[in-house]
Protein chains: 2
Amino acid sequence: MKASPASKSIAQPPMSDRIYQSLKWSLIIGEYFPGSDLSIRSLAKKMGTSTMPVREALTRLASERLLLSSVKRSYKVAELDPKRVADQFFLRARLEGIATRLAVPNLTTEQIAELETLASMMDKDIEGGSNENYIVRNYNFHFSIYAASQNEELFWSIERLWAQTGPYLAQVVRNQTMPDEWQVLHSNIAKAIKSRNADLAAQLIEKDISWGVETFEAFTNSGASK
Amino acid sequence: MKASPASKSIAQPPMSDRIYQSLKWSLIIGEYFPGSDLSIRSLAKKMGTSTMPVREALTRLASERLLLSSVKRSYKVAELDPKRVADQFFLRARLEGIATRLAVPNLTTEQIAELETLASMMDKDIEGGSNENYIVRNYNFHFSIYAASQNEELFWSIERLWAQTGPYLAQVVRNQTMPDEWQVLHSNIAKAIKSRNADLAAQLIEKDISWGVETFEAFTNSGASK
DNA sequence: CGTCAATATCTGTGATCACTAATACATTGA
DNA sequence: TCAATGTATTAGTGATCACAGATATTGACG
């Protein structure tokens, strides 16, 4: 890693990239709700740029199926659709299981220690009801594992799915108290990884994801589906 | 459904979309080689449009990791990288296996009959050495199966991977005679589906994909890697 | 004849404008 | 009172221009 190449400015990434990343992250952590409209001009105004880079960011997100582009009307987050959400969580379970299996032998003892501290902090987040912290730590926990799979395409595919299921998370989880059963789940995953039991770790990860489908069914059956 | 709103034109999809689809298909069928440069202006000239829609198409493709956008230099197809290609084929094998397992119970007898005729035509393509036809029919064969999985996200993920591995195909396969072992492979897949043996079908699909890794290893070991 | 610097010619990026289509709302008619 | 219609607003799309950075070319000098 060498010193900064540019002489004067710190060579920021292109504006369109920054907007793209920012929006993607907002989707992942559930800042946007299903059905939300995202207009080019209003976003451009908010970000203090022209419409061009915003438009580029939105077309990219739509191309990755993270947003919908209605024919001539504004870009929007997909509406909550049972079949679609089920498909996405099914894929997540498979891919994240695969990634975990690949990762277990690769994770260093330092990385596993970090996972353990993260897991215990997440337990505290659940007790304290701080959903915001939990969501970010949950992302970090999972994706440090998936990064260790050392398969970039796999990592990217999973992150894409998180961005797709994020708005669902916003709708269902963000304003609820988290069930106690979630406690120790991530600690157990860390434990399984520590003992280098790839099958168990993958199994637990898939179980962690299955709550999504279950919570969703409970959610739609309760008549909350608008 | 009312009459066409526009008085003269048939409401074509946006130019940027058409360019995007066209380029993606070119990638899938291996028309571009690893390392190829794709400049906005030259493509715009070739397509008879302004730079704008081309630029949009290219940023979308780059966002899906189908192209690379070098810092300030033109967009390009990724160079052949053993690790990367291996990762992609690994993922393809997993995802296409999953899709096949889901698809087998869903495929109608008519669809299976179509798969059988496609398979026999592919056998003839191999005998006749018509790689071009084989490539397109191979796409149709595989993706009629994956469509029957009825999981759009899965379908899309697989198609994305095909677009990523397409240029590799262009480099390695396009100008070679196809090995005889490929014969009957797809017929066997169709047969397994017909007998509703999902496990066997998935196994054969994964085997069909594994040639990619093997051929690649043979290719790189032969010193052909530039 | 070789090396290096100046420059000309690409590249993508971002801003601005013109255009068409779709929505919202008010006006008008029955 | 309600429905149909027309208009104003707002949406994304595409073209054009200005700009900065990277490469390739060319020229001069050692």
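Just so it is clear: chains get the letters A, B, ... in the order the sequence lines come, proteins before strands, and each one is counted from 1.
Heavy atoms of Thr51(B) sit under 4.0 angstrom from at least one base atom. At the heavy-atom level, Ile19(B) lies nowhere under 4.0 Å from the strands shown.
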* To do: Might you work through the side chain to side chain donor-acceptor pair (under 3.5 Å) test for Ser144(A) and Gln111(A), ending with a clear yes or no?
  => CA-CA 8 Å; Ser144(A) 357; Gln111(A) 289 172 320; over 6 Å; no

* To do: List the steps and the verdict of ring-ring contact (aromatic ring centres under 6.0 Å, His included) for Trp25(B) and Tyr139(B).
  => CA-CA 11 Å; Trp25(B) 179 247; Tyr139(B) 174 90; 4.9 Å; yes

* Residues Gln171(A), Tyr32(A); criterion side chain to side chain donor-acceptor pair (under 3.5 Å); working and verdict -> CA-CA 9 Å; Gln171(A) 179 104 330; Tyr32(A) 289 112; over 6 Å; no

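If you measure from atom CG of Asp17(A) to atom C1' of dG14(C), you get 14 Å, rounded to the nearest angstrom. What separates CE of Met52(A) from C1' of dA18(D) is a distance of 13 Å, to the nearest Å. Atoms CG (Leu43(B)) and C1' (dG12(C)) sit 13 Å apart, rounded to a whole Å. Between Glu56(A) atom CD and dG14(D) atom C1' there is a gap of 14 Å when expressed in whole angstrom units. Atom pair Leu38(B):CG and dC10(C):P shows a separation of 18 Å (rounding to whole Å applied). Taking atom NZ of residue Lys76(A) and atom P of nucleotide dA22(C), one finds them 16 Å apart after rounding to whole Å. Here the C1' atom of nucleotide dG14(C) and the CD1 atom of Ile40(B) are 12 Å apart, to the nearest Å. Rounding to whole angstrom units, CE of residue Met15(A) and P of dA20(D) are separated by 15 Å.
Ring geometry, Tyr146(A) versus His142(A): the interplanar angle falls from 30° to 60°, so the pair is classed tilted.
Listed nucleotides: dT13(D), dA15(D), dA15(C). Nearest to the side chain of Pro53(B): dA15(D).
Applying the 4.0 Å criterion to OP1 and OP2 of dT16(D), one finds that Ser50(B) has every side-chain N and O outside that range. The shortest distance between the side-chain N/O atoms of Ser74(A) and the OP1/OP2 oxygens of dA11(D) is not below 4.0 Å.
A donor and an acceptor atom never sit less than 3.5 Å apart when one is taken from the side chain of Arg55(A) and the other from the base of dG14(C).
Annotation: of the two residues near DNA chain C, Tyr75(B) and Arg41(A), the 5′-most nearest-nucleotide partner is Tyr75(B).
Here the CE-CG distance, from Met122(A) to Asn140(A), works out to 9.0 Å after rounding to the nearest 0.5 Å.
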